[in-house]
Amino acid sequence: MIELLFSIAVGVLSMCGVYLMLRARTFPVVLGLTLLSYAVNLFLFGSGRLIPGDPPLIADGVERYVDPLPQALVLTAIVIGFAMTAFVMVLALRALNDLGNDHVDGRAD
Amino acid sequence: MHWIATPILLPLIAAALMMLVPARYWPAYRWLGPVATLFQVPIAVWLIAQAMGNGYLVYPLGDWPAPFGIVLVLDRLSALMLMICAVLATAAHLAHQARPSEHTRQFQVLFQFQLMGLNGAFLTGDLFNLFVFFEILLIASYGLLLQGGGPSRTRAALHYVLLNLAGSSLFLIAMGVLYADAGTLNMADLARVVSERGPDELILVQAGLMLLTVVFALKSALLPLHLWLPATYAAAIAPVAALFAIMTKVGAYAVIRVLTLTFGLEGSETTPIISTLLVVLALATVAAAGVGALGSVSLRRLCGYLVVLSIGTVFASVAVLEPEALSAALYYMIQSTLVTGALFLLVDLIADQRGPIDDSLQLNGPPVRNPALLGTLFFATAVAIAGLPPLSGFFGKLMILRAALSADFAPWLWAVLLVGSLLVLLALSRAGSRLFWSTDGEPLTPAPVRLGAVLPAMLLLAASPLLVVFAAPVQSYLDQTAAQLADPQGYILQVLGDATGKGAEP
């Protein structure tokens with residue numbers, strides 16, 4: 001059940017992300033990239049299998065563990081994705097300033 | 001041993017130091033950046049000597065053993081890439097020093113971070129670490145691309161950034177697929193998993209590797225993902241564009257590394273599919289870039305198409321999947337990277353002397369102030385790029401054509417590469433005659449170009465005759481590099497050590 005919900009969430013997020021990324025205005029495109037990066041982060045997280053309730057660290061009396069590596073990978077990906085989104089946001093504002101409109105090709109229509 | 005990490009640590013420390021200097025003392029510390037960049041050259045020479053002596057050098061970061069921790073791996077290929085990067089970066093940095101501008105500190109700091117990302121990508125033996133270094137070099141390149149300001153740069157940067165962010169998402173998806181199935185992101189460990197499994201159990205891993213190849217193709221501007229490159233490179237200031245000449249080669253490096261490690265040069269059943277796919281895309285890239293170069297209305301855009309064409313040529317040769325062809329591809333890659341860098345620097349000098357029309361290839365522009373010097377340099381660069389004797393471009397292409405003889409697609413490769421060279425020749429002759437002969441009026445610039453400004457371009461261009469004169473030692477180095485790449489078992493054994501013998505936990 002959790003797998004189904006999880007994969008639907010990843011699918012819907014990437015669908016919306018790709019749709020928004022193909023828009024012609026910078027703001028929807030940035031939103032689309034953000035949604036896509038959420039989908040990607042979830043997907044990366046899922047690569048360690050979805051096992052609820054087990055510790056990711058060595059503990060006494062525990063037999064089953066969750067793979068901690070995907071969590072570390074997701075953390076790195078979130079940090080990088082966050083920085084990149086901030087940068088692209090500033091760049092989009094600058095493009096609005098420099099080019100006079102928010103079209104991704106910089107032409108008013 | 002610890003010296004392997006210096007190409008990453010040196011730029012990091014230099015950049016951090018430069019950021020700490022208070023603004024009013026900055027002029028006294030201007031030398032920090034150039035010195036740090038220059039220092040990369042002796043380090044690269046030393047590392048090449050190490051790679052020649054020892055084969056592989058493996059450096060586990062934090063002393064965590066290989067499949068669990070991140071390793072840096074120095075082999076002949078990574079040492080070679082470090083060397084190209086160091087030489088190109090030194091020339092680009094010198095060119096920037098010769099043109100003092102107000103943004104020097106930003107430029108120098110970003111430049112060092114870019115070098116750190118590039119060197120790290122060449123050294124790392126871990127796929128996720130490769131992703132991190134890619135992001136470092138990309139975010140530095142976004143800043144470098146915007147140097148100088150202006151609407152055209154902003155527009156080019158917006159496209160470049162958005163495309164690369166989409167590419168990064170794809171990179172992470174590929175990584176998730178690989179980790180979910182193979183349970184490792186260490187390149188050597190991944191190669192071990194691939195070599196131990198049967199073809200039926202590899203479907204997900206292969207899908208992940210194909211996705212990775214798409215990402216690398218985007219970075220290296222392979223058709224149909226090449227459209228961003230000419231506009232981006234045309235918008236960047238000259239030293240940045242010259243350094244970007246190696247950015248596409250990072251993608252090529254990554255493809256060579258992953259392809260040889262996981263699929264191997266011969267053997268697995270997937271290899272023919274990848275070879276066919278690569279060669280079709282590569283030759284289409286060469287054709288499209290040739291036509292694009294012929295149709296360019298500005299000199300910088302023309303140079304951008306030449307970069308695309310050179311990457312197509314490299315990939316076409318890699319797709320032959322023979323050690324000999326790999327060695328030829330690497331020879332061509334060295335020469336095309338350095339000479340294209342020289343061309344970008346030269347174009348800037350020429351455009352500078354033409355006033356308002358800049359690098360436009362229109363008829364009857366104003367003549368340049370130093371037609372003899374700049375014309376000769378342009379002519380030599382054009383000869384090297386188009387692949388005419390006696391410069392290195394000719395030998396690079398000759399090696400590729402000879403090595404490709406054994407492949408099924410040899411007639412196609414010969415035809416497309418030769419016609420591509422003809423198109424480049426036509427495009428460059430047209431550009432040269434419009435720049436230097438079809439001129440009208442008096443030179444606009446009173447002062448002749450300074451020697452310090454021409455020197456970096458000459459330095460890079462000098463690589464071309466040197467590569468011809470020392471072709472024998474260079475080729476023997478490259479042949480051994482290709483032999484090393486053709487033997488992934490050696491890499492696996494060196495990186496994982498006896499970890500495989502101990503029987504790692506499943």
Side-chain angles (χ1 to χ4, degrees), chain A residues 10 13-14 17-18 21-23 26 29-30 32-50 65 67-70 72-81 83-107, chain B residues 67-70 117 126-129 131-136 138-143 145-146 148-186 204 208 211 227-228 231 235 505:
Chain A
V10 172
L13 276 173
S14 13
V18 170
M21 258 169 57
L22 298 174
R23 310 293 297 173
T26 48
V29 172
V30 173
L33 274 172
T34 319
L35 284 184
L36 190 67
S37 76
Y38 290 159
V40 166
N41 290 341
L42 275 180
F43 182 76
L44 257 187
F45 184 75
S47 70
R49 307 296 182 273
L50 301 167
Y65 292 99
D67 189 352
L69 191 69
L73 298 184
V74 171
L75 210 59
T76 317
I78 288 174
V79 172
I80 291 178
M84 291 296 179
T85 310
F87 181 81
V88 79
M89 214 63 231
V90 173
L91 188 63
L93 282 175
R94 180 165 165 170
L96 180 63
N97 238 346
D98 281 2
L99 307 170
N101 62 75
D102 65 344
H103 194 282
V104 280
D105 283 337
R107 41 162 206 259
Chain B
F68 309 109
I70 291 168
D126 184 277
L127 278 178
F128 198 82
N129 201 225
F131 166 77
V132 173
F133 278 120
F134 262 46
E135 292 304 309
I136 293 176
L138 282 175
I139 201 159
S141 76
Y142 304 154
L145 178 60
L146 283 165
S152 68
R153 285 195 183 113
T154 311
R155 184 166 36 224
L158 193 64
H159 293 177
Y160 177 67
V161 173
L162 291 175
L163 256 177
N164 275 304
L165 286 183
S168 302
S169 299
L170 212 56
F171 202 146
L172 285 173
I173 293 175
M175 216 93 74
V177 173
L178 284 176
Y179 187 76
D181 194 38
T184 181
L185 287 174
N186 181 294
L204 264 182
L211 266 177
L227 292 167
W228 57 274
E505 301 297 320

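The basis for the numbers below is simple: all heavy atoms, side chains too, and nothing from hydrogens, waters or symmetry mates.
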Which portion of A/Thr85 sits near chain B, non-hydrogen atoms under 4.5 angstrom: neither

Residues of residues 90-100 of chain A within contact distance of chain B, non-hydrogen under 4.5 Å: A/Leu91, A/Ala92, A/Arg94, A/Ala95, A/Asp98, A/Leu99

Taking salt bridge (Lys or Arg N to Asp or Glu O under 4.0 Å) as the test, write out the residues that go with A/Asp105, two or more places apart. A/Arg107

Does B/Arg153 use its side chain to pair, donor to acceptor, with the backbone of B/Ala235 at less than 3.5 Å? yes

Would you please go through residues 163-170 of chain B and name the residues with a non-hydrogen atom below 4.5 Å from one of chain A, in numerical order? B/Leu165, B/Ala166, B/Ser169

With a 4.5 angstrom heavy-atom cut-off, which part of A/Val104 approaches chain B: side chain, backbone, both or neither? both

Need one label for B/Leu178: side chain, backbone, both or neither, based on atoms under 4.5 Å from any heavy atom in chain A. neither

Residue pair A/Met84 / B/Tyr142, side-chain heavy-atom distance below 4.5 Å: yes

What's the verdict on side-chain hydrogen bond (donor to acceptor under 3.5 Å, both in side chains) for A/Tyr38 and A/Ser14, showing C-alpha distance, side-chain angles and the deciding distance? CA-CA 8 Å; A/Tyr38 290 159; A/Ser14 13; over 6 Å; no

Check whether any side-chain heavy atom of B/Leu158 lies under 4.5 Å from a side-chain heavy atom of B/Leu162, and answer yes or no. yes

Distance (rounded to the nearest 0.5 Å) between B/Ile173 CD1 and A/Ser47 OG: 12.0 Å

Candidate pair B/Phe131 and B/Phe128, rule ring-ring contact (aromatic ring centres under 6.0 Å, His included), full reasoning: CA-CA 5 Å; B/Phe131 166 77; B/Phe128 198 82; 5.5 Å; yes

Residues A/Leu44 and A/Ala77: closest non-hydrogen pair is CD1-CB, 4.1 Å

Would you mind listing every salt bridge (Lys or Arg N to Asp or Glu O under 4.0 Å) that reaches into residues 169-184 of chain B, with sequence neighbours excluded? B/Asp181-B/Arg197

